Peer 1: 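One structure, as C-alpha cells, below. Some questions next.
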Amino acid sequence: MTRKELAKVYEPWDVEEKWENHWEENKTFTPDPDGPGESYSIVIPPPNVTGVLHMGHALNLTLQDILCRFNRQQGKNVLWVPGTDHAGIATQNVVERQLKEEGLTRHDLGRDKFIERVWDWKKEKGDHILSQIRRIGASVDWTRECFTFDDQRAKAVREVFVKLYEEGLIYKGDYIINWCNRCHTALADDEVEHEAKPGKLHHVKYPLADGSGHLIVATTRPETMLADTAIAVNPEDDRFNHLIGKEAVLPLVGRKLPIIGDKYVDVEFGTGCLKVTPAHDMNDWELGRKHDLDIISMLDEDGVVNENAPEKYRGMTALAARVVILADLEAEGLLESIVDHDHNVGVCYRCKSVIEPHVSTQWFVSMKPLAKKARAAVPSETQIYPEHWTKTYYDWLDNIRDWCISRQIWWGHRIPAWTCEKCGKLTVAIEDPSACSSCGSKNIVREEDVLDTWFSSALWPFSTLGWPDDTKELAKYYPTSCLVTGFDILFFWVARMMMMGLQFKEQVPFKEVYIHALVRDENGKKMSKSTGNVIDPLSMIDKYGADALRFTLTSFAAMGRDIKLSEQRIEGYKHFMNKIWNATRFGMMNLPDEIPAVQLSEADGLANKWILHRLEEVKKSIVEATGEYRFNEIAQILYRFIWSEFCDWYLEMIKPALYGEDETTKAATQKVLWTVLSETMLLLHPVTPFITQGIWSVLPRPAGDDRSDDIATLPFPEMREECLDPAAVARMELFMGVVSGTRNIRTELLIEPAKKLDLLIKTVSDEDKAVLEENMHLIKSLARFENVTIGPDVEAPKASGAAVVQGNEISVPLEGVVDFESELARLDKNITKLDKTMMGVSNKLGNPGFVNNAPPEVVEKEKTKLADMDEEKTKLTQLKERLESVMG
RNA sequence: GGGCGGGUAGCUCAGCUGGAAGAGCAUCGCCCUUACAAGGCGAGGGUCACAGGUUCGAGCCCUGUUCCGCCUACCA
C-alpha cells in the first residue's frame, strides 16, 4: 500500500501560496449574478490605498471571510467585493513628500501633472495592501475589485453630487470650518481628534468705552483678541447685565466692542465675561451669527497674522503673536493674571497638527433630512450587532451638523461646479458643461476643490455594484447582507452609507452591521508605529501561518471593545494547527486508499457512536454561532471538539480496532474516522481555509465520492439525525470517569506509569457492567491495567487505592506497590471535598423556600445530586475504612 | 458635562434567557507510550471590584460607591 507520507509538522507556507493562487486563477470566488442561490453579499471596508495591513484589517477580513465562506457552504450566491479608497489627504501627502525630496512642490508640477504622478504612485505602490489581503486568505472576488477614485466610482460621485445639489441638499457658503495649517485644507468635524492638553487661562482687562471701569475676560488664546468683535455676558448675571448694550474698548487695537447678553455664557466659568471672536472659534461663530456681529479673520491659511490685525503683529505665527501680545498687555497693566488650565485641543487626524477654526468658502451637505431617514431605518431594516451600538448611532445622527465636503487639495473627485465669470452664477452638471447654464457665457471656471474621500466611500455599497448604471449586480446583491467594521468608523462611514443608500437606492445599504473590537497590544494600548508596539500581521503570518493568526483573531472576536493581542496566543493556536495536522497524519496512516462503504448508523462501538453524536451537536452549534456572529464560540467549539474529544479520546479509543483483525469493526471505524475528519475540515474551513484545504486535498474518499478537490466550493456537511445518540454520551461519561479515576490514583500516588497493576470494579447496575465489560480492553490500554475484573460481587483486597464513579467502586490493589499512607490522605482529601459540596446542596434542600418555590425539576435534580453524592461518600468512607483495617 | 464598555484563577479572557464557577497560557508533578514533546497523563489555584437590594436561589437583575478604558461635548 503506497501512501503519501505527510510531513511530521504542519508547514503552512506552500499550502497557503498554492491555494491563494489557485482560488484567484480559477475565479473560485467570482459568483454569477444569474446563478442559483439566494444572494449573500458583503462590501469590504476599503482600506486606505497608502496603508499597510494592520491587525485591525486582519481581524476585519477574517470575520468577513468566515461569513462569506460559511454562506457559500450554505448554498448562497456569495459576492464579496474588494477594493481600496483613494485617501485624498493621506495619498497627496505621500506624493508631496516624494516631490519634496526632489526639491519640488505640487505647484511646480501643476495640477494635471501632479495627479498623473499620484496615479503612477498608486499603480506602483498603492496595491501593496491588496496583496496583503491575499495573504490573509480573503475569499474576495478579485475580478470585481474597485477603487473609490476609478472611473465607475467617479461616475457615481458625480451623479450623487449633482442630484444632491439639485435637491438643495448640497450648498456652498462662507462658514467656519476646521482648518489644518499643515495639510492646507478643511476637515470635517469627525476628522478632528481631541487631545487634552495643559494650557493657561489668561485674564485680560477690557476697559469700558465710557470710561466707567473695565471688564475682565478669560481666554486660553489671548492672541485671538485681535479679532474680537464683542463681549458677551449672561443676561441673568447681576454682576454684569447692566452693561448689556454698552461698549468696551479692545486693548491694543482700540476697536469698540458691543457688550451683548447671551445665556450661552457660563456664569460660573472664568470671570463670567466672554470675549467673542467669531472667525476663530466655533462657538463664537454661532454667537456672531445670532447677534449679527462683525466677522474679522486675523489669520491666513498658514496660521500667520494677516493685515486685519495691527501692523505690529502681522507676519507672526499665532503662537509668536501670543507672546508679544501678552507682553504688550502686561506693559499696559491689562493682564490681570494667568492660571493653569487644561483644555481640549483639536488636532488633524492625518497629521496631528493643531486645528485652527477658520472662516472660508466651502461646500456642505445638509445632513438633517438625510439623517432622519437613516435613523428611522434602524433597527427596522438594518440591525446593528452588538445591539448596544445602536444608541451610539442614534446619538450621532441626532446631534449631526452639516458636513463640510470640500477639500483644498488636488487628489480627489473635483467638485463638478463651474462659476460664470460673466453672471457669477454656478453651473453644476454631470457632464462637463461648455457654457453657463444661466447666461450661456462660455467663460466659466471650474471649482478647484475636491470632495472629501468619505463622500465617495459613502456610496461604496452601491457604487461597487455598478451604480448609477442598471446592473445585474445591483439587482442581485443590493442591499448587501452585512457590513463588518470597527466602531471607530461608525460615524465616518456607516451612518453616511446609510444616508446615501437610502437617498439614492431607496433601500438600506446593508441588512446587518457587525461591529467588532479594536485590536490593541497586550497592554491594551492602541497599536501605533510611533509607540512601536505594532504586531504586524504579515510577520505573524510568516512566522505562524495565516490560519493560526485567523484562528487567534476569531477566538478573540467576542470581546468588548478591545482585543489585547499577544504573539504568544498566536503561537498557541499554531500548536492547534499542528495538532489538527497530526490527527490527519494518524488518519492517513490508518485509512485505506478507498474509504469503505459502511452505513454510519451501523458503526458499532462506544467510541464511534459517541463521536458521531458529538459531531452532529457540533454542526448544529456552529450554524447557530455563525448566524449570531458569535465568532469566538465557533473557535471554542471547534477547539474543544477537535482537541479534547476527537484527539484525546476518540483517536485513542479506536486504535485497537484499527490495528486489529476484525475486518468489519475495522472498516466501520475507518469510515467513522474518515467522516469525522473530513467533515471537521469542512466545519473548520471558514476559519482556517488553508490547512483544511491542504488536508482535504490528500484525504482519501469512498468510491463514488466525486466532490471537488477545492474545499472552498463544497457545501456544509449534511445533518444526520440518525446519528444522534444521547445515551452514548452517558455511557462515555462512565467510561471516561473510570479511566480518569484510575489515572488519578496512579499519578497521585506517584506510581510509575509503566507499573503493571490490576483493576477491580464493583458495579451498581447491569447497564454499567455491560458498558465497562464491553470496553474492558480500552480501559486496559488507556489506563494501563494488566487484569480488570468487573461485576456486582467483585471483592477487592483491603489494601487498595479506591475511587467511586457513578456509584461503581473502583479498586486498585496496592500491596507491594506503594505505601498506604498517601492513599489514605488522598481518600481523605476527596471525602472532604465531597462533604463541602454536599453541605451546600443539603442546605439548599433544607430550605423550605427552595423546595416550595423552585421548579420541581430543579428540586428533583438537587435531590438526585445529593443522593448520588451521599452514596459516593458512604462508599468512599467504607473503602477508606477497608484500607485502614489493614494498616492497623 | 453626557454616553458606552469593563473590573471573574498568576496572565488574557469566556460565561447567550438567574439553578452545583470555565478555557487557553503560565505554575507544579510524572512520562521521549509507534499522529503530535508544537505532545501525553495528572494536580494546584477564584469572598466573580465594593456595599446594599430583589429572589427559594445572583458572576448574571436593580440601586449606590469605587477604579480602569473608550467615545462624545460649545466651559472661553
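Chain letters run A, B, ... following the sequence lines, proteins first, then strands; residues in each count from 1. From a predicted model like this one, the values you see are computed outputs, not experimental measurements. FYI, side chains are in, hydrogens and waters are out, and symmetry mates aren't considered; it's all heavy atoms of this structure.
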Peer 1: Between A:N399 and B:rA73, is there a side-chain N or O to OP1/OP2 distance below 4.0 Å?
Peer 2: no
Peer 1: Please name the pair of heavy atoms, one in A:I325 and one in A:E223, separated by the smallest distance, quoted to 0.1 Å.
Peer 2: CD1-CA, 3.7 Å
Peer 1: Provide the distance between the two C1' atoms, one in B:rC48 and one in B:rG7, to the nearest whole Å.
Peer 2: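 Their C1' atoms lie roughly 10 Å apart.
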Peer 1: Where the side chain of A:K861 is concerned, which of B:rG44, B:rA76, B:rA20 is the nearest nucleotide?
Peer 2: B:rA20
Peer 1: What's the closest nucleotide to the side chain of A:K579 if the choices are B:rA76, B:rU33, B:rC36?
Peer 2: B:rC36
Peer 1: Using a 4.0 Å heavy-atom cut-off, does A:L201 contact any base of the nucleic acid, only the sugar-phosphate backbone, or nothing at all?
Peer 2: nothing
Peer 1: Would the A:Y514 and A:Y385 ring centres measure less than 6.0 Å apart?
Peer 2: no
Peer 1: Could you tell me whether A:Y544 and A:Y573 have their ring centroids closer than 6.0 angstrom?
Peer 2: no
Peer 1: A:N847 near the nucleic acid: base, sugar-phosphate alone, or nothing, with a heavy-atom cut-off under 4.0 Å?
Peer 2: sugar-phosphate
Peer 1: What interatomic distance, in whole Å, is found between P of B:rG15 and the corresponding atom of B:rA9?
Peer 2: 15 Å
Peer 1: Please tell me which of A:T220 and A:K8 maps to the more 5' nucleotide of RNA chain B, matching each residue to the nucleotide holding its nearest heavy atom.
Peer 2: A:K8
Peer 1: Let's see if you can work this out: which of B:rG39, B:rA76, B:rG42 has an atom nearest to the side-chain heavy atoms of A:D266?
Peer 2: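 Of all the options, the side chain of A:D266 is nearest to B:rA76.
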Peer 1: When you get a sec, tell me which of B:rA35, B:rA76, B:rA14 is the closest nucleotide to the side chain of A:K655?
Peer 2: B:rA35
Peer 1: Between B:rA20, B:rG22, B:rA76, which nucleotide has the shortest distance from any of its atoms to the side chain of A:R640?
Peer 2: B:rG22
Peer 1: Is there side-chain contact between A:V738 and A:I779, with at least one heavy-atom pair below 4.5 Å?
Peer 2: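 Counting from C-beta outward, A:V738 and A:I779 do come under 4.5 Å.
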Peer 1: Of all heavy-atom pairs between A:H280 and A:A227, which one has the smallest distance, and what is that distance?
Peer 2: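 It is CD2-CB, 3.7 Å.
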Peer 1: When you get a sec, tell me which of B:rA76, B:rA35, B:rG19 is the closest nucleotide to the side chain of A:M589?
Peer 2: B:rA35
Peer 1: Measure from the side chain of A:R401, starting at C-beta and using heavy atoms only, and say which of B:rC74, B:rA76, B:rG29 lies closest.
Peer 2: B:rC74
Peer 1: Using the C1' atoms only, state how far B:rA49 lies from B:rG69, rounded to an integer number of Å.
Peer 2: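 Result for the C1' pair: 15 Å, nearest Å.
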Peer 1: When you compare B:rG44 with B:rG1, how far apart are their C1' atoms, in angstrom units rounded to a whole number?
Peer 2: 49 Å
Peer 1: Measure the distance from CG on A:N852 to P on B:rG57 and round it to the nearest whole Å.
Peer 2: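 Result: 13 Å.
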Peer 1: How is A:V265 classified with respect to the nucleic acid when contacts are heavy atoms under 4.0 Å: base, sugar-phosphate, or nothing?
Peer 2: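 Base: the residue A:V265, judged by heavy atoms under 4.0 Å, touches a nucleobase.
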Peer 1: Once the angle between the rings of A:F487 and A:W389 is folded into 0 to 90°, is it parallel (under 30°), tilted (30 to 60°) or perpendicular (over 60°)?
Peer 2: parallel
Peer 1: Is there a side-chain contact between A:Y573 and the phosphate of B:rA23, meaning an N or O under 4.0 Å from OP1 or OP2?
Peer 2: no
Peer 1: Contact class for A:Y264 (heavy atom, under 4.0 Å): base, sugar-phosphate, or nothing?
Peer 2: base
Peer 1: Roughly how many Å apart are B:rG29 and B:rU66, using the P atom of each and rounding to a whole number?
Peer 2: 45 Å
Peer 1: Considering only atom P, compute the distance from B:rC11 to B:rA73 and round it to an integer number of Å.
Peer 2: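 The same atom, P, in both gives a distance of 36 Å.
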Peer 1: For A:D547 and A:M577, work out which heavy atoms get closest and say how close.
Peer 2: CB-SD, 3.8 Å
Peer 1: With sugar-phosphate meaning primed atoms plus P, OP1 and OP2, does A:K391 contact a base, only sugar-phosphate, or nothing at under 4.0 Å between heavy atoms?
Peer 2: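 Here A:K391 touches the backbone only, sparing every base.
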Peer 1: For B:rG57 and B:rG52, measure between their P atoms and round to the nearest Å.
Peer 2: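 Each nucleotide's P atom is 16 Å from the other's.
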Peer 1: Does A:N744 reach a base, just sugar-phosphate, or nothing at all? Heavy atoms under 4.0 Å.
Peer 2: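 Sugar-phosphate only.
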Peer 1: Would you say the side chain of A:R630 and the base of B:rC16 hold a donor-acceptor pair, judged only by whether the two atoms sit under 3.5 Å apart?
Peer 2: yes
Peer 1: May I ask you to say what A:Y393 touches in the nucleic acid, namely base, sugar-phosphate or nothing, with a heavy-atom cut-off under 4.0 Å?
Peer 2: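 Nothing, no heavy atom under 4.0 Å.
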Peer 1: Could you spell out the base pairing of RNA chain B in dot-bracket, with Watson-Crick or G-U pairs whose two distances are under 3.5 Å, [ ] crossing and | to another strand?
Peer 2: (((((((..((((.....[..)))).(((((.......))))).....(((((..]....))))))))))))....
Peer 1: Do you know which two heavy atoms are closest between A:V359 and A:W285, and how far apart they sit?
Peer 2: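 Scanning both residues, the minimum pair turns out to be CG2-CZ3, 3.7 Å.
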Peer 1: Counting side-chain heavy atoms from C-beta on, which of B:rG42, B:rG19, B:rA20 comes nearest to A:E748?
Peer 2: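 Nearest to the side-chain atoms of A:E748, counting from C-beta on, is B:rG42.
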Peer 1: When all nucleic acid strands are considered with a 4.0 Å heavy-atom cut-off, which category describes A:E286: base, sugar-phosphate, or nothing?
Peer 2: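 Nothing, no heavy atom under 4.0 Å.
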Peer 1: Between A:I541 and A:L549, what is the shortest heavy-atom contact and its length?
Peer 2: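 That would be CG1-CD2, 3.8 Å.
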Peer 1: Sticking with atom C1', work out how far B:rC56 lies from B:rC67, rounded to a whole angstrom.
Peer 2: 34 Å
Peer 1: If I take atom CD1 in residue A:I563 and atom P in nucleotide B:rG6, what distance separates them, rounded to the nearest angstrom?
Peer 2: 15 Å
Peer 1: Fit a plane to each ring of A:F641 and A:F646, take the angle between them on a 0 to 90° scale, and name the class: parallel (under 30°), tilted (30 to 60°) or perpendicular (over 60°).
Peer 2: parallel
Peer 1: Select from A:F646 and A:D395 the residue whose nearest nucleotide in RNA chain B is closer to the 5' end of that strand.
Peer 2: A:D395
